[in-house]
Amino acid sequence: MKRGVSSPEAYKLFHDGIIVLSEIEANGIKIDTELLKSTIKATADKVKEIKEELQTSEVWKVWKEHYADKANIGSGQQLAHVLFDIMKIKPVVFTEKGSLSDLGFGKISDGLYYKPSTSEKALQDIDHPFVRRLFDMKGYEKVGGTFLKGIKRELVDGFIHPFFDLHTARTFRSSSKFPNFQNIPKRDKEMAEAIRKLFIPREKGWHFWETDFKGAEVVTASCVTGDRALRAYVSDKNKDMHRDTGGDLFLLPKDSVKGDLRHISKNQFVFAEFYGSYYKLTAKAIWDTICREKKLFVPGTEIHIKDHLASKGISEGGLFRHDEDPEAGTFEYHVKEVERIFWHERFPEYTKWKKKWFEQYQKEGGFRTVTGFWIEGPLTKNAVLNYPIQGPAFHCLLWFLINMQKWLRKNKMRTKLVGQIHDSCEGNSPPDEIQDVLGKANELVTVDLPKHFSWITAPMSVEVAVAPPDGSWFDMKEWKCFDGVWKLAA
DNA sequence: GCCCACCGCGCG
DNA sequence: AAAGCGCGCGGTGGGC
């Protein structure tokens, strides 16, 4: 295939893909409008209640004295001034862009200074009731202002019809808007419940369901890079790279790494490294976490992980300065070694691929994904190494949507696809179709997909979640297949 | 009143 | 040299 042009296969995937996405848009997704109304009210009340409470605080008094009728509790700039100038709290995190002669922290160049950040993460160590409560309020404002308001605005006859675009993402992923269906709260349980309860099956007695690709990007990375160790990890359910890497990070036997420690290893080291982070950033994030969390114990004991590391000679985090080498005996120094093991001993073939792939990009000015898309132009190194994985992982889902829709039509099913989130598909089914639909989903992913994409050289699998009849998106529980019958996993 | 950059934050 | 990838959206605040 000619460089500079996407392949006919890539074109066909997006051609068929945009049609199925338009059908999903037209289907739309049903909203519990009565619950929407009451949730909007409850959220607004909560915001009002907390705001009034905040306005009785000493901090607000100071704030008011300085800004008078210009005082705005939603202004980050004002908050920064109150906390860091008036109250003399020492800022530790700064925003990306500078400001001309602003607050005078950390000079960038003449007259240009970094601004202290007022994000929740930046302020998490300020143990002040006003600050804590302020972020409670911001949470409810986010729910009400972005999600509830967005749903209400787009409501048509009790349905919303989020758009799914294929022309915006540089990686050849999709995006969604009006409202964005791909950023509905999930991790924060209270937020998740407030919003996901609103999404209900389109007909009485039907199921709301979701199929997810298991580890979509990791499996794709193993195929794209050809790293055999990574392929072994995603192919064998008894192997676990987050656990093994956690053993290195926390100086524990691999078998003992589970729960929170595994979670930290996975999200703050393994995934961060795959996205191109490096030891100073990952070490700092992990050290901050273990200093903050009082209940992080060596599994099966009451020894805090920090004390455990101290017993191994690591009692300092380090300076985490990008212009200085870490000092021996610090956590930063230790993570540097864990990083070396990760890339040079655990995944050496991935490392070779990264080097080769980036050099190839520098020579050609572009590259082609395994799915045939041509990507070119000025890109950062991390982008060059991430795009060829992020795109194809989504293309697996897009192929799934196309072929699921084809099968539904051919068999005159009543089941409807109602949404898509990068590696998951949401649908609604009558009870008499749910078994066939889940069976077909499983077959498409495990059998048909690897036949279609010859680059898939590691097993793809689905995870399935289903709500009881009339249950909402929030009410879904994991289902598994037992002797050919899909049912509640537990 | 409109536009824009920036920040912050929700998701994968 | 770069330093965590990809999105959409709401609010603030400055400029016109």
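Just so it is clear, the values below take in all heavy atoms, side chains as well, and ignore hydrogens, waters and symmetry mates. Order of the sequence lines fixes the chain letters, A, B, ..., with proteins taken first and strands second; residue numbering starts at 1 for each chain.
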Gap between atoms CD1 and P, on A/Ile389 and C/dG6 respectively (whole Å): 13 Å
Sugar-phosphate, base or nothing in reach of A/Tyr387, heavy atoms under 4.0 Å: sugar-phosphate
hbond_proxy A/Lys186 side chain to B/dC11 base (donor-acceptor, 3.5 Å cutoff): no
Close aromatic pair by centroid cut-off 6.0 Å: A/Trp343 and A/Phe274: yes
Presence of donor-acceptor pair under 3.5 Å, side chain of A/Asn180 and base of C/dG8: no
Touch class at under 4.0 angstrom, heavy-atom based, for A/Phe178 against every strand present: sugar-phosphate
Donor/acceptor link under 3.5 angstrom from A/Gln182 side chain onto base of C/dC7: no
Check: A/Lys46 and A/Glu49 side chains under 4.5 Å, non-hydrogen atoms: yes
Touch class at under 4.0 angstrom, heavy-atom based, for A/Gly74 against every strand present: sugar-phosphate
Pair A/Phe130 + A/Trp60: ring centers closer than 6.0 Å: no
Touch class at under 4.0 angstrom, heavy-atom based, for A/Thr168 against every strand present: sugar-phosphate
Touch class at under 4.0 angstrom, heavy-atom based, for A/Asn386 against every strand present: sugar-phosphate
Touch class at under 4.0 angstrom, heavy-atom based, for A/Glu141 against every strand present: nothing
N/O (side chain, A/Arg187) to phosphate O (OP1/OP2, B/dG12) under 4.0 Å: yes
Side-chain donor/acceptor of A/Arg173 to base of B/dG12, under 3.5 Å: yes
Close aromatic pair by centroid cut-off 6.0 Å: A/His242 and A/Phe271: yes
side-chain N/O A/Ser176 vs C/dC7 OP1/OP2, d < 4.0 Å: no
